[in-house]
Amino acid sequence: MTRPLLLPLIAALCLCVTGCSSWQRAEEFEGWTLYVKSGESISNQEFFEAVQPAFETVEEYLGPFEEDVRVHAWIGGVEMTDGAKGTITTSSDGTIADVPGIGPARVRAFHSRGSTSPFGQSGVFVGTADSGTAVHELVHARLAEESTELPLWFEEGFAMIMGDGAMYHGEWFVDGLACWPWRELREQEIDDQRLTELLEVSSGESHSVTDNVLVHFIGWAIVFDLYRERGVLDWRVLFEDFQSAPDPLAEARRRLDRTLDRDTPAEWLRRLKDPEPGIRLAAARGTWKLHSSRTQRMLLSYLREEENPEVQACLAVNALATAGQVELGRRQSGWMWRSVFPVLRQTTLPDPEETSALRTLYRAYRYGNSRYDTQAALERLSRFWED
Ligand SMILES: [Zn+2]
């Protein structure tokens with residue numbers, strides 16, 4: 001009766017590149033300053049609303065910034081030449097790179113220490129007003145103030161965990177289960193030799209975009225396991241834990257395998273029972289990327305109990321998007337529509353445009369009416385599924 005959902009499989013990446021452009025000071029905030037690319041106009045307010053909660057989160061977990069942070073903002077992305085080089089672009093299609101062995105990805109932001117090039121400016125560079133992206137880059141900016149030299153994989157892994165989450169009522173809630181890397185790493189089957197190479201990649205040496213992406217992914221998987229074991233997001237504690245192991249390769253392998261265990265997402269998704277709606281929203285967001293019918297069953301069973309409208313919408317949209325990726329049995333498919341339709345038809349979100357997007361999806365899927373623009377409706381609801 002219904003068509004599967006089409007979702008863009010383009011993932012947002014945050015790589016470390018150096019940027020060189022001229023920038024103008026646009027507005028000063030407490031602890032950070034917004035810079036805009038000369039000749040471009042952006043909404044300062046939109047970037048303030050995305051960056052301010054990110055700034056607060058990073059100070060909460062990593063301590064206060066020692067120096068004022070320069071945040072360079074534009075709308076667009078980065079065209080990559082290799083894993084450590086790229087140029088800023090404002091064209092929307094030029095930012096999609098086909099990462100060999102991984103697929104299409106879009107680089108939206110980076111951090112620059114500014115010391116590698118005489119023209120380089122230090123600070124964070126964000127091509128989108130998105131809090132998760134800002135958190136990731138601000139983690140780099142804060143760690144650059146520390147004297148400890150961290151391996152690239154650890155720093156990227158920690159930044160990925162901090163940047164995975166959701167905005168709920170003006171606050172960034174960290175989750176940490178990065179669904180795309182989880183699925184991608186299980187498909188890649190990285191052997192010990194490849195793992196050794198990736199653990200040794202450093203930001204100072206040239207490396208391919210594929211290697212850079214995989215460094216982020218394995219870093220995420222290892223640090224995520226350290227985080228799950230400790231239950232604290234303190235980079236010093238987690239890094240010390242890793243270093244206390246006698247054999248780094250064996251330790252990396254053990255932790256990578258534990259994160260990639262097929263039961264890990266299901267265990268992590270018990271957070272869908274947390275009393276805090278922001279945590280539930282952060283846990284549900286992006287879960288369709290696991291491409292898992294088991295995860296969909298979890299989303300549907302939690303949806304039955306869920307009373308918060310935003311979390312309801314998030315569970316429903318991710319369950320629906322999963323249906324576009326995996327073959328579901330008749331019973332599960334029937335259960336899905338019975339659970340999802342009431343949300344699409346009745347749930348009222350704080351933003352009227354989001355509510356109207358839910359109704360559009362309802363009419364399109366309930367009545368199979370192709371007159372409705374489901375893609376635009378999904379875009380409007382992207383904060384629930386895109387990360
Ligand atoms: Zn990064």
Side-chain angles (χ1 to χ4, degrees), residues 11-15 57-58 60-62 102 132-133 135-140 143 150-166 172-190 194-195 198-199 201 212-245 248-272 274 279-292 294-295 298 318 387:
L13 291 173
C14 321
L15 302 186
T57 301
V58 172
E60 183 191 331
Y61 287 89
L62 290 92
I102 293 177
T133 307
V135 167
H136 181 113
E137 301 310 330
L138 287 166
V139 166
H140 287 306
L143 289 174
L150 292 167
L152 185 63
W153 67 264
F154 184 90
E155 183 164 331
E156 290 301 354
F158 190 79
M160 279 195 70
I161 290 173
M162 294 286 302
D164 179 276
W172 179 252
F173 285 85
V174 177
D175 180 58
L177 176 70
C179 298
W180 176 43
W182 186 83
R183 180 171 49 85
E184 188 65 41
L185 283 174
R186 274 173 65 92
E187 285 166 16
Q188 294 271 338
E189 295 178 25
I190 289 165
R194 187 81 176 106
L195 183 57
L198 294 170
L199 293 172
V201 171
N212 194 302
V213 171
L214 289 175
V215 167
H216 280 75
F217 286 10
I218 60 143
W220 164 75
I222 298 166
V223 182
F224 181 68
D225 189 60
L226 288 159
Y227 168 45
R228 279 207 304 155
E229 191 175 80
R230 271 284 183 167
V232 289
L233 260 180
D234 180 329
W235 68 269
R236 281 193 185 83
V237 171
L238 304 183
F239 190 54
E240 246 174 58
D241 279 357
F242 185 84
Q243 280 193 307
S244 67
L249 177 64
E251 179 70 356
R253 167 62 59 195
R254 183 174 74 89
R255 295 194 178 274
L256 185 62
D257 289 349
R258 282 213 312 211
T259 292
L260 301 183
D261 187 280
R262 66 180 294 276
D263 293 329
T264 300
E267 281 165 24
W268 190 254
L269 287 174
R270 292 201 203 115
R271 288 165 75 95
L272 292 171
D274 196 280
I279 290 182
R280 303 200 297 279
L281 186 71
R285 183 176 181 227
T287 45
W288 72 277
K289 290 183 187 169
L290 294 167
H291 295 187
S292 149
R294 181 184 180 190
T295 300
M298 285 188 79
N318 280 279
D387 57 17

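No hydrogens, no waters, no symmetry mates; every other heavy atom, side chains included, goes into these values. In this chain, residues are counted from 1 in sequence order.
Two residues are said to be in side-chain contact when any heavy atoms from C-beta on lie closer than 4.5 Å; W182 and L290 meet this criterion. Inter-residue side-chain proximity for E187 and I102 is flagged as unmet; no heavy-atom pair is nearer than 4.5 Å. With contacts defined as side-chain heavy-atom distances shorter than 4.5 Å, the pair T259/I222 does not qualify. In this structure the side chain of P265 reaches within 4.5 angstrom of the side chain of L177, judged on heavy atoms. Here the side chains of E267 and D261 are not in contact, with every heavy-atom distance at 4.5 Å or above.
Ion pairing of E251 with R255 is present here, as a side-chain N (NZ or NE/NH1/NH2) and a carboxylate O approach within less than 4.0 Å. Classification of R228 and D225 as a salt-bridged pair holds, one side-chain N sitting under 4.0 Å from a carboxylate O. Using a cut-off of 4.0 Å between Lys/Arg side-chain N and Asp/Glu carboxylate O, R285 and D175 are scored as not salt-bridged.
Note: W153 and F242 meet the aromatic proximity criterion, with ring centroids under 6.0 Å apart. Proximity of the aromatic rings of W180 and F217 is defined here by a centroid distance below 6.0 angstrom, and this criterion is met.
The aromatic rings of F224 and W220 sit parallel to each other, their planes meeting at less than 30°, with 60° as the upper class boundary. Ring pair H216/H136 is parallel by interplanar angle, where below 30° counts as parallel and above 60° as perpendicular.
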Show your reasoning for whether side-chain contact (heavy atoms from CB on, under 4.5 Å) applies to F239 and L226. CA-CA 8 Å; F239 190 54; L226 288 159; over 6 Å; no

Passes side-chain contact (heavy atoms from CB on, under 4.5 Å), I161 versus Y61? Steps please. CA-CA 12 Å; I161 290 173; Y61 287 89; over 6 Å; no

Worked check of side-chain contact (heavy atoms from CB on, under 4.5 Å) between N212 and V201: CA-CA 8 Å; N212 194 302; V201 171; over 6 Å; no

Evaluate L214 against R194 for side-chain contact (heavy atoms from CB on, under 4.5 Å), listing each step before the verdict. CA-CA 10 Å; L214 289 175; R194 187 81 176 106; 3.6 Å; yes

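In this structure, CD1 on I218 lies 11.0 Å from CD on E156, to the nearest 0.5 angstrom. Rounding to the nearest 0.5 angstrom, the gap separating the CG atom in L272 from the OG1 atom in T287 is 7.5 Å. In this structure, CD1 on I190 lies 5.0 Å from CG on L185, to the nearest 0.5 angstrom. Of the inter-residue distances, the one linking D241 atom CG with R230 atom CZ reads 4.0 Å to the nearest 0.5 angstrom. Distance check: T57 OG1 to L62 CG gives 10.5 Å after rounding to the nearest 0.5 Å.
For E184, the side chain to side chain donor-acceptor pair (under 3.5 Å) test picks out Q188, with sequence neighbours left out.
Using modelled atom types, no side-chain atom of R271 and backbone atom of I279 make a donor-acceptor pair closer than 3.5 Å. When atom types are taken as modelled, the side chain of N318 and the backbone of G286 share a donor-acceptor pair closer than 3.5 angstrom. Of the possible donor and acceptor atoms, none in the side chain of W235 sits under 3.5 Å from a partner among the backbone N and O of F154.
Of all heavy-atom pairs spanning D164 and G176, the tightest one is OD1-N, 3.0 Å. In this structure, L269 and A283 approach most closely via the heavy-atom pair CD2-O, 3.5 Å. Shown here for R186 and L260, the closest heavy-atom pair between the two residues is NH1-O, 2.6 Å.
By the neighbour-count criterion of 12 heavy atoms within 6.0 Å, atom CD of E189 is sparsely surrounded, having that number or fewer from other residues, nucleotides or ligands.
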